[in-house]
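The next block holds one structure in the form of structure tokens; read it before the comments.
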Amino acid sequence: QVRLVESGGGSVQAGGSLRLSCAASGYSYYCRYDIKWYRQAPGKEREFVSMIASDGTTTYTDSVKGRFTISQDNAKNTVYLQMNSLKPEDTAMYYCNANAYTKPWAAYCSQAGRGYWGQGTQVTVSS
């Protein structure tokens, strides 16, 4: 069972920065993981923010390109989301999500096909 714990949220003024962390435990040796950040503002649907694949490939939604950077520390099983030049519209609960896949050389990843979520961390940006 994968467990994800987000941290690093808080309240900042527009133009400020925050670094979110997503610490994972319960990874399987036979699995690889893509980690995504999502966010959900009050009254809105959860939306994709950024992803880092197991090979290090990164993607971002257009609204955060150039301001947010996703990275990972494989030794710590932790993914970071560095958020700069924050805007009030970035205010939301931020969640990390892990999806497991079988490694190319492995016969079976018991966690494959499952999605895991953390409890979220609140980011509030004031104007």
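Just so it is clear, the structure is predicted and the values come from calculations on it, not from any experiment. The first residue of the sequence shown is numbered 1, and numbering continues consecutively from there. Basis for what follows: all heavy atoms, side chains included, without hydrogens, waters or symmetry-related copies.
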Is a side-chain N or O of [X] found less than 3.5 angstrom from the main chain of [Y], in a donor-acceptor match?
X    : Y    : result
T91  : V125 : yes
S54  : D34  : no
Q111 : G26  : yes
K44  : R39  : no

Point to revise | Centroid separation Y60 to F68 less than 6.0 Å | key: no

[X] to [Y] - nearest heavy-atom pair and separation:
X    : Y   : answer
L20  : M83 : CG-CE, 3.7 Å
C96  : E6  : N-OE2, 2.8 Å
C22  : W37 : CB-CZ2, 3.6 Å
D90  : R67 : OD2-NH1, 2.7 Å
S21  : T78 : CB-CG2, 4.2 Å
S110 : C31 : N-SG, 4.3 Å

Practice item. Could you check if a side-chain atom of Y27 sits within less than 4.5 angstrom of a side-chain atom of V2, using non-hydrogen atoms only? Key: yes

Practice item. Determine whether S7 and T121 make a side-chain contact, defined as any pair of heavy atoms from C-beta on separated by less than 4.5 Å. Key: no

Rounded to the nearest 0.5 Å, how far does [atom2] of [Y] lie from [atom1] of [X]?
X   : Y    : atom1 : atom2 : result
Q1  : S25  : CD    : OG    : 9.5 Å
N97 : I35  : CG    : CD1   : 7.5 Å
N99 : R114 : CG    : CZ    : 12.0 Å
K87 : S63  : NZ    : OG    : 8.0 Å
T59 : K36  : OG1   : NZ    : 7.5 Å

In terms of hydrophobic clustering (I, L, V, M, F, W, Y; side-chain heavy atoms under 4.5 Å; direct or indirect links), are [X] and [Y] co-clustered?
X    : Y   : value
L86  : L81 : yes
Y116 : I70 : yes
W117 : F48 : yes
Y95  : V64 : no
Y80  : L4  : no

Check your understanding: Under 6.0 Å from the six-membered ring centre of Y38 and within 45° of its axis: does the NZ or CZ of R46 meet both?
Key -> no

Point to revise | Test log, rule side chain to side chain contact (heavy atoms under 4.5 Å, CB included), inputs C109 and K103 | key: CA-CA 7 Å; C109 161; K103 287 181 177 176; over 6 Å; no

Review point. More than 12 heavy atoms of other residues, nucleotides or ligands under 6.0 Å from OH of Y101: is that the case?
Key: yes

